[in-house]
Undergrad: 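One structure, pasted below without further comment.
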Amino acid sequence: MIDFTKYILGNGLRLIVHEDDSTPMVAVNILYNVGSRDESPDKTGFAHLFEHLMFGGSANIPDFDGPIQMAGGENNAFTNSDITNFYDVLPADNLEVALWLESDRMLQLDFSEKSLEVQRKVVVEEFKETCLNQPYGEVWHHLSKLAFQVHPYQWPTIGKTPKHVEDATLQDVKDFFYKYYRPNNAILAIAGNVKKEDVLAKVEKWFGGIPAGDVPERKLPAEPPQKELHEYTHEAKVPVDSLYLAFHSCARADDDFHAIDLLSDVLGNGPSSRLYRRLLKEQQLFSHIDCYISGSLDPGLIVVEGKPSKGVSLEEAEAIIWKELELLKTENIPARELQKLKNKSESALVFSEVNVLNKAINLAFFEVVGDAARVNEEGERYQKVTVEDIRRVAREIFTKENCSKLVYKAKKGEKVLVKG
């Protein structure tokens with residue numbers, strides 16, 4: 001149970017405070033409600049670019065990392081399709097250092113051609129290294145485009161092409177910043193050895209004067225139900241053939257999310273999962289196999305991916321996967337199997353609440369999902385899932401017409417060096 005107090009500043013900034021006197025530290029997490037789904041189709045990769053730009057200096061602070069390190073802290077960030085998240089962890093006595101830093105870069109970044117060029121090069125090199133020069137590096141470029149026809153989940157967080165970031169102008173960057181990185185589009189979660197009244201006063205001091213922005217109402221096109229199988233085969237320099245089956249699923253806040261999450265665990269969560277145990281360990285039909293969900297705020301995907309063992313064709317591999325999926329549609333899984341997965345999920349939740357940083361991240365995330373209070377309901381939501389729920393969602397999801405199939409075929413006669 002995470003106790004917290006929530007405030008809303010005059011400029012719209014949402015503040016969530018959790019007091020924890022068991023630690024000398026404090027975590028400051030600021031979530032901006034912007035991700036790659038908010039980008040224009042011809043200017044992608046901007047949310048990821050901003051993850052880097054936000055460390056390149058702000059209105060009054062040329063160096064972000066130096067002060068936080070001098071205060072005995074550390075910081076980092078991550079971006080996905082839905083959100084951009086920054087966090088700092090430092091001794092609680094130095095809380096104001098983090099608030100000073102975060103408020104200054106929310107107020108205004110150090111917009112300069114030099115800063116943009118430096119971060120542009122970093123992002124483009126990352127694109128080349130992780131996508132273009134890595135085996136299977138473009139899987140999500142192909143799979144996203146295959147599964148989504150109208151929703152902006154049709155491109156990955158890193159962007160469609162490095163050219164979009166290469167062509168970004170200083171004005172493009174400024175427009176994106178002032179559109180989304182505003183207090184009324186942010187959630188500030190603070191967890192640690194603090195007092196809520198003191199935190200509120202300090203946050204008012206550092207953030208209260210930042211003007212609210214004209215944040216546009218999000219009007220994303222809803223992805224229509226898929227009516228037929230989508231297929232794409234990509235030949236590339238990869239070590240072995242690989243198969244990806246992606247099925248449209250629900251949004252993170254939907255009632256069925258927890259059942260679908262557990263369904264993915266039945267198939268692919270660790271050595272005891274069905275696909276690993278039956279197809280890899282016992283029958284040795286795959287060298288790698290997994291199942292996972294995107295967990296996105298808008299309706300996303302549940303994906304089965306596998307690399308067939310030598311001598312096993314892609315057709316045979318796909319058929320055996322479908323056999324396992326059909327089994328979940330026709331038979332209830334044993335109650336003991338489901339309870340084991342529920343316990344595993346609950347253990348992960350409990351473990352995530354040990355660390356003040358995880359608490360701050362979780363509070364901010366569930367606030368953007370709908371309400372920070374949901375952080376305390378997750379365990380119960382998983383426990384309420386029944387074996388009938390698992391079978392029902394399997395029948396709704398695992399159909400050929402709801403499937404997008406991506407095949408990676410290894411080019412014959414070419415050796416591929418895999419970076420370890």
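Any value given below was found using the heavy atoms of this structure, including those in side chains, with hydrogens, waters and symmetry copies removed.
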Undergrad: Give a yes or no on whether Lys6 atom NZ has more than 12 heavy-atom contacts from other residues, nucleotides or ligands under 6.0 Å away.
TA: yes

Undergrad: Answer yes or no: does atom CZ of Arg336 have more than 12 heavy-atom neighbours from other residues, nucleotides or ligands under 6.0 Å?
TA: no

Undergrad: Flag yes if more than 12 heavy atoms outside Arg395 fall under 6.0 Å of its CZ atom; otherwise flag no.
TA: no

Undergrad: Can you give each donor-acceptor pair under 3.5 Å made by side-chain atoms of residues 67-75, sequence neighbours left out, with the distance rounded to 0.1 Å?
TA:
unit_1, atom_1, unit_2, atom_2, d
Asn75, ND2, Asp65, OD1, 3.4

Undergrad: Are the charged groups of Glu235 and Lys409 less than 4.0 angstrom apart, N to O?
TA: no

Undergrad: Do Thr386 and Asp389 have a side chain donor and acceptor closer than 3.5 Å?
TA: yes

Undergrad: Sub-3.5 Å donor-acceptor pair from the side chain of Asn11 to the main-chain atoms of Pro211, do we have one?
TA: no

Undergrad: Between Phe247 and Trp322, is the ring centroid distance below 6.0 Å?
TA: yes

Undergrad: Measure the CE-CG distance between Met25 and Asn193 for me, rounded to the nearest 0.5 Å.
TA: 10.5 Å

Undergrad: So which pairs with a foot in residues 140-168 pass salt bridge (Lys or Arg N to Asp or Glu O under 4.0 Å), sequence neighbours left out?
TA: Lys163-Asp167

Undergrad: Report the distance from atom CG of Asp214 to atom OH of Tyr178, rounding to the nearest 0.5 Å.
TA: 14.5 Å

Undergrad: List the residues meeting side-chain contact (heavy atoms from CB on, under 4.5 Å) with Asn343, not counting sequence neighbours, and say none if there are none.
TA: Gln339, Gln383

Undergrad: Is it true that Tyr136 and Tyr408 have ring centroids separated by less than 6.0 Å?
TA: yes

Undergrad: The test is ring-ring contact (aromatic ring centres under 6.0 Å, His included); show your working for Phe177 and Phe111 and say whether it passes.
TA: CA-CA 10 Å; Phe177 177 81; Phe111 292 110; 5.4 Å; yes

Undergrad: What do you reckon, is NZ of Lys179 surrounded by more than 12 foreign heavy atoms closer than 6.0 Å?
TA: no

Undergrad: Look up atom CG in Leu245 and atom CD1 in Ile302, then write down how far apart they are to the nearest 0.5 Å.
TA: 11.0 Å

Undergrad: Is it true that the side chains of Asp298 and Ser296 contain a donor and an acceptor less than 3.5 Å apart?
TA: no

Undergrad: Got a second to check how far Arg374's CZ is from Leu363's CG, nearest 0.5 Å?
TA: 13.5 Å

Undergrad: Name all pairs fulfilling the salt bridge (Lys or Arg N to Asp or Glu O under 4.0 Å) condition that reach into residues 90-109, sequence neighbours left out, sorted by first residue then second.
TA: Glu96-Lys205, Glu102-Arg105

Undergrad: Quick one: does any side-chain atom of Thr233 pair with a main-chain N or O of Val407 as donor and acceptor, under 3.5 Å?
TA: no

Undergrad: Search all heavy atoms of Tyr180 against all heavy atoms of Asp38 and return the closest pair with its distance.
TA: OH-O, 3.3 Å

Undergrad: Begin from the C-alpha positions of His164 and Phe46 and carry the test ring-ring contact (aromatic ring centres under 6.0 Å, His included) through to its verdict.
TA: CA-CA 8 Å; His164 287 176; Phe46 273 48; 8.3 Å; no

Undergrad: Can you confirm whether or not the ring centre of His48 sits under 6.0 Å from the ring centre of Phe78?
TA: no

Undergrad: Show the nearest heavy-atom pair for residues Lys307 and Ser242, with the distance to one decimal.
TA: CG-OG, 3.6 Å

Undergrad: Just verifying a value: how many Å separate His52 NE2 and Thr79 OG1, rounded to the nearest 0.5 Å?
TA: 7.5 Å

Undergrad: Please table the atom pairs, donor to acceptor, closer than 3.5 Å between any side-chain atom in residues 194-204 and protein atoms at least two apart or in another chain.
TA:
unit_1, atom_1, unit_2, atom_2, d
Asp198, OD1, Lys202, NZ, 2.8
Asp198, OD2, Lys202, NZ, 2.6

Undergrad: Assess, by modelled atom type and distance only, whether the side chains of Asn29 and Asn85 contain a donor and an acceptor separated by less than 3.5 Å.
TA: yes

Undergrad: Applying salt bridge (charged side-chain N to carboxylate O under 4.0 Å, His left out), can you list everything that pairs with Glu380, at least two apart in sequence or on another chain?
TA: Lys384

